[in-house]
Amino acid sequence: METSRRLWLKKIGIGVAGIGFTNFNSFASAPASENLIPSFESDTNLIFLRSNENPYGPSPLARKSFVANANISNRYNWDIAEQLISDLAKKNNVKYENILLGAGSTEILDLVAKWVTLEKGNYVIADPSYDYWTATLDHLGLTKKKVPLTTEKKINLQAMLEAVNEDTKLVYICNPNNPTGTICERKALVEFVTKVSQNTIVLIDEAYLEFTKQQSLSSIINDNKNIIIAKTFSKMYGLAGARIGYAIANKTIIDNLANLQSNTNNSVSVLSKLAAIASLKDDTFISSCYSQNENVRQYTINELEKLNCECIYSNTNFIYFSIAKYKKDYFKQLEINRIQGGRIYEEEGQWTRITVGKMDEMIKFIKALK
Ligand SMILES: Cc1ncc(COP(=O)(O)O)c(C=O)c1O
């Protein structure tokens, strides 16, 4: 077998006796970029603990799906979106009309940003929270109202409530919160959302909810006309590079967001949609990722604490911790050991974030800090 093909097989994670070979052969014989494969290979020396990806993913069923379905990439196959939306509606116990697909949840957040800024005013967000998408809100003219977390690094729902006024167009809650990994108690969150969504749009980002036992707020979208839930396949489902996410909301909101998405439900490739459909069936993979993440996270927290790093209890696949009392130059240690970690979020207290990788990666991470 030619080297580039072997490398490619290794890359996508199947052996020579991989599945779906009839379809796969027609894909592999297509002209490949010889340059791309070695450059991807060279990156495997790095340890990626920066972006909260799933180190075990994609799931075996998703991998099979990518390989088996590559040969239909020449067609638009719009109907695959319908299949995925039906599956998602079933999974989340909502109707077909309550779902909108996006290229990652980033596209959903972006559509929400564009929609809510049709009227000017302000938006309310915890600080620090996930804000890589909020530049659109700023550029389109909303004023940012940042609400500090509590001393336990939790979202301060009472303070968020107090920050809302008649000009508030959007309230964003990341639950669990990125970068802190803290979670809102569900009853308090439902109360908060029910109250605030009377007058303003509330966007709940559940990117990491699968790492917890908490139930999604999807169950309340039809009683609360102004709630949008953003979900992603990038984290627990291990499909970050496949770019697939979705919104759950009542029909009117979904229609409004869809009006801003030229190729409604089809910004995501057929391969990604089929991989998502397959992933939803792979319960074994999900429960294995869940428990491995818990074990490795606990190991990492224990070791970080031995190194004088205060850790916040995490409900996610990342850990928020302080390097204020750490003896060495943290970022230098990461750099010389070829580890990509997170940045500093709060200067005061020197809080940073690390993704929970595989056990061997976290052993290397801890060794690098010692
Ligand atoms: C809280 C949160 N929301 C949304 C995203 C965007 O994810 P994606 O666009 O890959 O679905 C991320 C990615 O890190 C995230 O942490």
Side-chain angles (χ1 to χ4, degrees), residues 48-55 57-59 62 84 88 92 99-114 123-137 146 149 153-155 170-184 189 202-212 214 216-218 228-249 257 261 265 267-269 271-273 275-276 279-280 289 293 297 312 314-320 340-343 345 351-357:
F48 296 97
L49 304 177
R50 185 172 63 190
S51 305
N52 306 337
E53 296 142 335
N54 183 337
S59 86
L84 176 57
L88 289 172
N92 290 284
I99 307 271
L100 182 73
L101 302 180
S105 56
T106 300
E107 191 188 5
I108 300 300
L109 302 179
D110 214 38
L111 289 171
V112 174
K114 287 171 183 155
Y123 68 99
V124 176
I125 182 167
D127 181 41
S129 189
Y130 184 69
D131 63 0
Y132 285 97
W133 62 284
T134 56
T136 308
L137 292 166
K146 294 195 285 187
L149 302 176
K153 309 284 178 204
K154 291 189 173 178
I155 291 181
L170 178 71
V171 176
Y172 172 73
I173 302 274
C174 187
N175 191 53
N177 191 40
N178 179 2
T180 54
T182 51
I183 194 164
C184 298
L189 185 59
V202 182
L203 173 59
I204 310 285
D205 188 336
E206 294 186 350
Y208 300 98
L209 199 69
E210 284 84 5
F211 292 95
T212 77
Q214 194 177 94
S216 165
L217 285 201
S218 60
I228 305 167
I229 295 166
K231 308 278 285 185
T232 184
F233 281 88
S234 296
K235 307 301 174 184
M236 180 59 100
Y237 287 94
L239 290 172
R243 310 305 302 129
I244 181 152
Y246 58 104
I248 310 178
L257 297 179
Q261 193 189 35
N265 287 316
S267 52
V268 185
S269 75
L271 287 187
S272 298
K273 281 184 254 190
S279 300
L280 289 172
C289 291
N293 179 61
R297 186 175 68 199
I312 298 298
S314 168
N315 296 274
T316 58
N317 64 339
F318 53 85
I319 301 161
Y320 197 57
Q340 290 191 343
R343 60 182 168 91
Y345 287 85
W351 291 90
T352 188
R353 188 194 73 190
I354 199 79
T355 300
V356 178

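Residue numbers count from 1 along this sequence. When a ligand or atom number is given, it counts from 1 through the structure's own listing order.
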Numbering as shown, the atoms of ligand 1 that approach [X] to under 4.0 Å (heavy-atom distance):
X: Ala207; result: 1 (C), 2 (C), 3 (N)
X: Gly104; result: 9 (O), 11 (O)
X: Arg243; result: 8 (P), 9 (O), 10 (O)
X: Cys174; result: 1 (C)
X: Tyr208; result: 1 (C), 14 (O), 15 (C), 16 (O)
X: Thr232; result: 8 (P), 11 (O)

Minimum heavy-atom distance [X]-[Y], with the two atoms named:
X: Lys273; Y: Leu101; value: CD-CD1, 4.1 Å
X: Ile229; Y: Ser218; value: CD1-N, 3.2 Å
X: Val268; Y: Gly102; value: CG2-O, 3.1 Å
X: Asn175; Y: Gln214; value: ND2-OE1, 3.0 Å
X: Thr232; Y: Ile244; value: OG1-O, 3.6 Å
X: Asn177; Y: Phe318; value: O-CZ, 3.5 Å

Can you find an N or O of Tyr172 that's nearer than 3.5 Å to an N or O of ligand 1? no
Do any nitrogen or oxygen atoms of Ser51 come within less than 3.5 Å of a nitrogen or oxygen of ligand 1? no
Min heavy-atom dist [X] to ligand 1 below 4.0 Å:
X: Gly245; value: no
X: Glu107; value: no
X: Tyr132; value: no
X: Asn52; value: no

Heavy-atom pairs closer than 4.0 Å: do any link ligand 1 to the side chain of Thr106, the backbone, both, or neither? both
Do Lys231 and Glu210 sit within salt-bridge range, that is, some charged N less than 4.0 Å from a carboxylate O? yes
Considering only the protein, which heavy-atom contact is closest to [atom], and what is its distance?
atom: atom 7 (O) of ligand 1; answer: Ser105 OG, 3.4 Å
atom: atom 3 (N) of ligand 1; answer: Asp205 OD2, 2.6 Å
atom: atom 14 (O) of ligand 1; answer: Lys235 NZ, 2.8 Å
atom: atom 10 (O) of ligand 1; answer: Ser234 OG, 2.6 Å

Measuring only between side-chain heavy atoms, which start at C-beta, is Leu149 closer than 4.5 Å to Thr182? no
Hey, does Ser234 have a side-chain heavy atom less than 4.5 Å from the side chain of Arg243? yes
Aromatic ring proximity Tyr132/Tyr130, centre distance under 6.0 Å: yes
Any side-chain donor paired with an acceptor under 3.5 Å for Thr212 and Asn315? no
